[in-house]
Q: 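Shown below is the structure under consideration.
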Amino acid sequence: MPNFFSPSPLVRRRWRRFKANRRGFVSLWLFSTLFLLTMGAELIANDKPLLIRYEGNYYFPMIRAYPETLFGGDFVTETDYKDPMILENLRKGENRVYFPLISHSYNTIDTHSAHPAPAPPSTEHFLGTDDRARDVLARLIYGFRLSVLFALALTVIGVVVGIVAGAVQGYFGGRTDLLLQRFMEIWGSMPELYLLIIFASIFNPSILLLLILLSLFGWMGLADYVRAEFLRARNMIYVKAARAMGASDRTIMFRHLLPNAMTPVITFLPFRISGAILALTSLDFLGLGVPPTTPSLGELLRQGKGNIDAWWLSLSAFVTLVLMMLMLNFIGEALRDAMDPRKE
């Protein structure tokens, strides 16, 4: 009985070559670990406790909102767990409160800070605060997650659209290829930045709007590689044999031709992700990206530009971006070596 979950010998050889590139392999594990950790950012950086033991009862503020009156406060609104009076009640006697490692969320404003914002690094804020008294480390954690998720979504959309467009061009050729090439030339010549400025002035900035606008242009580079692979392979013997046996065009394109054209697609994935992260960061730095309250690496860089004395703002965002780009580039280099057909 065949094992459908066992990788082919070719995949195993490529995986061994990828692992042999220690720099790329370590970068993959580091990047994956950081991404998985930031996916649980609410458990790492949050102004709500993980667990409260108050008067013999247990409460979970991250799951449910509790009124302030429940913990000895005066109001029926949701509890502010950073309030000194509430904290005193939660720590009195046998009561216990357990905060995450960083007791600030990305939008928590520290109204009890002893230093004016932006405050330098301290035991309360490991990387200081920004110009609105928000914890920089918490915003970095949430900003890392947002950047990677945005880049992954943009990459997936670009890959799917690019593969379909390139496959149609390369397989059918002729007039279809000619018309689509002219369309891509016209579409690619449109000023992307100007369009972003126009739409940013018309609509409220949001992640969804950015994703749609960048997706309109992010597929064309990949479509050229897929088109070239399909043009090269469409007249090979196995394609002619499949066509003679009555296989449909869709079956030939996506079952026989596409697997052989996936090498450039997979190789360029890390570089496309890094490009998407840089695009989001650049737009946020220019004020054309996400709303101001959204945690963003570009927004931190813009704050660093506006507060030259607050070196921790620009330095922390810069170091985070450099490490992200280095890891993704190392992964891309390892993938390129592993997928190199000359080493098969």
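These figures come from a predicted structure and were not determined experimentally. Along the sequence shown, the residues carry numbers beginning at 1. All values below come from the heavy atoms of this structure, side chains included, with hydrogens, waters and symmetry mates left out.
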Q: Under the criterion side-chain contact (heavy atoms from CB on, under 4.5 Å), I'd like the reasoning laid out for Leu146 against Ile207: C-alpha separation, chi angles, the key distance, then a yes or no.
A: CA-CA 9 Å; Leu146 175 68; Ile207 289 291; 3.8 Å; yes

Q: Identify, with sequence neighbours excluded, every residue that meets side-chain contact (heavy atoms from CB on, under 4.5 Å) alongside Ala153.
A: Leu211

Q: Does Met220 share a hydrophobic cluster with Val160, counting links as ILVMFWY side-chain heavy atoms below 4.5 Å and allowing steps through other members?
A: no

Q: What pairs of residues pass the ring-ring contact (aromatic ring centres under 6.0 Å, His included) test when at least one of them lies in residues 284-334, not counting sequence neighbours?
A: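 As it turns out, there is no ring-ring contact (aromatic ring centres under 6.0 Å, His included) pair with a partner in residues 284-334 once direct neighbours are skipped.
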
Q: Tell me, which pairs form a salt bridge (charged side-chain N to carboxylate O under 4.0 Å, His left out) where one or both residues lie in residues 87-96, sequence neighbours left out?
A: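 Every candidate salt bridge (charged side-chain N to carboxylate O under 4.0 Å, His left out) pair involving residues 87-96 fails, so no pair, neighbours aside, qualifies.
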
Q: My understanding is that only residues two or more places apart in sequence, or in another chain, count here; which of them pass side-chain contact (heavy atoms from CB on, under 4.5 Å) with Arg182?
A: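 Partners of Arg182 under the side-chain contact (heavy atoms from CB on, under 4.5 Å) test: Leu178, Glu185.
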
Q: Indicate the atoms forming the closest heavy-atom contact of Arg139 with Thr294, along with that distance.
A: NH2-O, 3.1 Å

Q: Please enumerate all residues that pass side-chain hydrogen bond (donor to acceptor under 3.5 Å, both in side chains) together with Asp110, with sequence neighbours excluded.
A: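 Counting only residues at least two positions away or on another chain, Asp110 forms a side-chain hydrogen bond (donor to acceptor under 3.5 Å, both in side chains) with His125.
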
Q: Test side-chain contact (heavy atoms from CB on, under 4.5 Å) on Thr108 and Asp135 and set out the steps.
A: CA-CA 7 Å; Thr108 304; Asp135 188 80; over 6 Å; no

Q: Would you compute the distance between atom CG of Leu222 and atom CZ of Arg272 and round it to the nearest 0.5 angstrom?
A: 5.0 Å

Q: To the nearest 0.5 Å, what is the distance between CG on Asp80 and OG1 on Thr111?
A: 7.0 Å

Q: What is the distance from atom CE of Met327 to atom CG of Asn329, rounded to the nearest 0.5 Å?
A: 10.5 Å

Q: Mind listing the closest non-hydrogen atom pair of Ala45 and Ile141 along with its distance?
A: CB-CD1, 4.5 Å

Q: With side-chain hydrogen bond (donor to acceptor under 3.5 Å, both in side chains) as the rule and sequence neighbours excluded, what pairs involving residues 211-229 come up?
A: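 Output for this query lists Asp177-Arg227, Glu229-Arg232.
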
Q: Check whether Phe271 and Leu214 end up in the same hydrophobic cluster, where Ile, Leu, Val, Met, Phe, Trp and Tyr are linked by side-chain heavy atoms less than 4.5 Å apart.
A: no

Q: Does atom CD1 of Ile237 have more than 12 heavy-atom neighbours from other groups under 6.0 Å away?
A: no

Q: To the nearest 0.5 Å, tell me how far Ile63 CD1 sits from Lys48 NZ.
A: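 NZ of Lys48 is found 11.0 Å from CD1 of Ile63.
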
Q: Between Asp130 and Leu300 (side chain of the first, backbone of the second, donor and acceptor by atom type, cut-off under 3.5 Å), is there such a pair?
A: no

Q: Is there a side-chain contact between Phe18 and Leu28 in this structure, where contact means two heavy atoms from C-beta onward sitting under 4.5 Å apart?
A: yes

Q: Apart from Leu50 itself, what residues make up its hydrophobic cluster, given side-chain heavy atom links below 4.5 Å?
A: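 Members alongside Leu50: Leu43, Met62.
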
Q: Where do Tyr142 and Pro295 come nearest, in terms of heavy atoms and distance?
A: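 Result for this residue pair: CB-CG, 3.5 Å.
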
Q: Under 4.5 Å between any side-chain heavy atoms of Leu154 and Leu280, yes or no?
A: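 No, too far: nothing below the 4.5 Å cut-off.
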
Q: Cluster question for you: counting only ILVMFWY and a side-chain heavy-atom cut-off of under 4.5 Å, with indirect links fine, are Ile212 and Phe217 together?
A: no

Q: State, yes or no, whether a side-chain contact exists between Leu321 and Leu301 at a heavy-atom distance under 4.5 Å.
A: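 Yes, at least one pair of side-chain atoms sits under 4.5 Å.
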
Q: Identify the heavy atoms of Met190 and Leu195 that sit nearest to each other, and give their distance.
A: CE-CD1, 3.9 Å

Q: Verify the cluster assignment for Ile273 and Met39: are they in a single hydrophobic cluster under the rule of side-chain heavy atoms below 4.5 Å apart?
A: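 Linked within one cluster.
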
Q: Suppose the criterion is side-chain hydrogen bond (donor to acceptor under 3.5 Å, both in side chains): which pairs have a residue in residues 63-72, not counting sequence neighbours?
A: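 Qualifying pairs, neighbours excluded: none.
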
Q: Out of the candidates Ile52, Asn46, Leu51, Asp47, only one should pair with Pro49 under the side chain to side chain contact (heavy atoms under 4.5 Å, CB included) rule; please name it.
A: Ile52

Q: Is the shortest heavy-atom distance from the side chain of Leu269 to the side chain of Thr155 under 4.5 Å?
A: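 Yes. Closest side-chain heavy atoms under 4.5 Å.
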
Q: Which residues satisfy the side-chain contact (heavy atoms from CB on, under 4.5 Å) test with Leu179, sequence neighbours excluded?
A: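 Partners of Leu179 by the side-chain contact (heavy atoms from CB on, under 4.5 Å) criterion, ordered by chain and then number, come out as Arg175.
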
Q: Tell me, with the steps shown, if Gln169 and Leu231 meet side-chain contact (heavy atoms from CB on, under 4.5 Å).
A: CA-CA 8 Å; Gln169 283 183 266; Leu231 282 173; over 6 Å; no

Q: For residues Leu127 and Leu313: do they belong to one hydrophobic cluster (side chain heavy atoms under 4.5 Å, members Ile, Leu, Val, Met, Phe, Trp, Tyr)?
A: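 Looking at the clustering, Leu313 is in the same group as Leu127.
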
Q: Could you walk me through whether Tyr59 and Leu70 pass the side-chain contact (heavy atoms from CB on, under 4.5 Å) test, one step at a time?
A: CA-CA 10 Å; Tyr59 303 94; Leu70 185 62; 3.5 Å; yes

Q: Within a strict 4.5 Å, meaning less than it, do heavy atoms of the Pro61 and Thr79 side chains meet?
A: no

Q: Does Asn57 CG have over 12 foreign heavy atoms under 6.0 Å away?
A: yes

Q: Have a look at Glu124 and tell me which of His104, His112, His115 forms a side-chain hydrogen bond (donor to acceptor under 3.5 Å, both in side chains) with it.
A: His104

Q: Which heavy atom in Met85 sits nearest to a heavy atom in Gly73, and how many Å separate them?
A: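 In terms of heavy atoms, the two residues are closest at CE-CA, 3.9 Å.
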
Q: Heavy atoms, side chains only, cut-off 4.5 Å: are Leu258 and Ile163 in contact?
A: yes

Q: Which pairs, with at least one residue in residues 235-254 and sequence neighbours excluded, count as a side-chain hydrogen bond (donor to acceptor under 3.5 Å, both in side chains)?
A: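 Found Tyr171-Arg243, Tyr171-Asp249, Tyr238-Asn260, Ser248-Thr251.
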
Q: Would you check, one step at a time, whether the test side chain to side chain donor-acceptor pair (under 3.5 Å) holds for Lys82 with Ser103?
A: CA-CA 9 Å; Lys82 307 297 290 185; Ser103 60; 3.1 Å; yes

Q: So, taking the atom named CE in Met253 and the one named CZ in Phe172, what distance separates them when rounded to the nearest 0.5 Å?
A: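 Spacing of CE (Met253) from CZ (Phe172) equals 5.0 Å.
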
Q: Could you tell me the separation between the CD1 atom of Ile86 and the OH atom of Tyr81, rounded to the nearest 0.5 Å?
A: 9.0 Å

Q: Among residues two or more places apart or on two chains, list those pairs meeting side-chain hydrogen bond (donor to acceptor under 3.5 Å, both in side chains) that have a residue in residues 29-38.
A: none

Q: Any sub-3.5 Å donor-acceptor pair from Thr129's side-chain atoms to Ala119's backbone N or O?
A: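 Yes; at least one donor-acceptor contact below 3.5 Å.
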
Q: May I have all residue pairs that pass salt bridge (charged side-chain N to carboxylate O under 4.0 Å, His left out) and include part of residues 31-42, sequence neighbours excluded?
A: Glu42-Arg145

Q: Side chains of Ile331 and Phe31, heavy atoms from C-beta outward: is any pair under 4.5 Å?
A: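 Answer yes - side chains close enough.
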
Q: In terms of side-chain geometry, is the basic nitrogen of Glu299 or Arg132 positioned less than 4.0 Å from the acidic oxygen of its partner?
A: no

Q: Compare every heavy atom of Val226 with every heavy atom of Gly166, then report the nearest pair and how far apart it is.
A: C-CG1, 3.9 Å

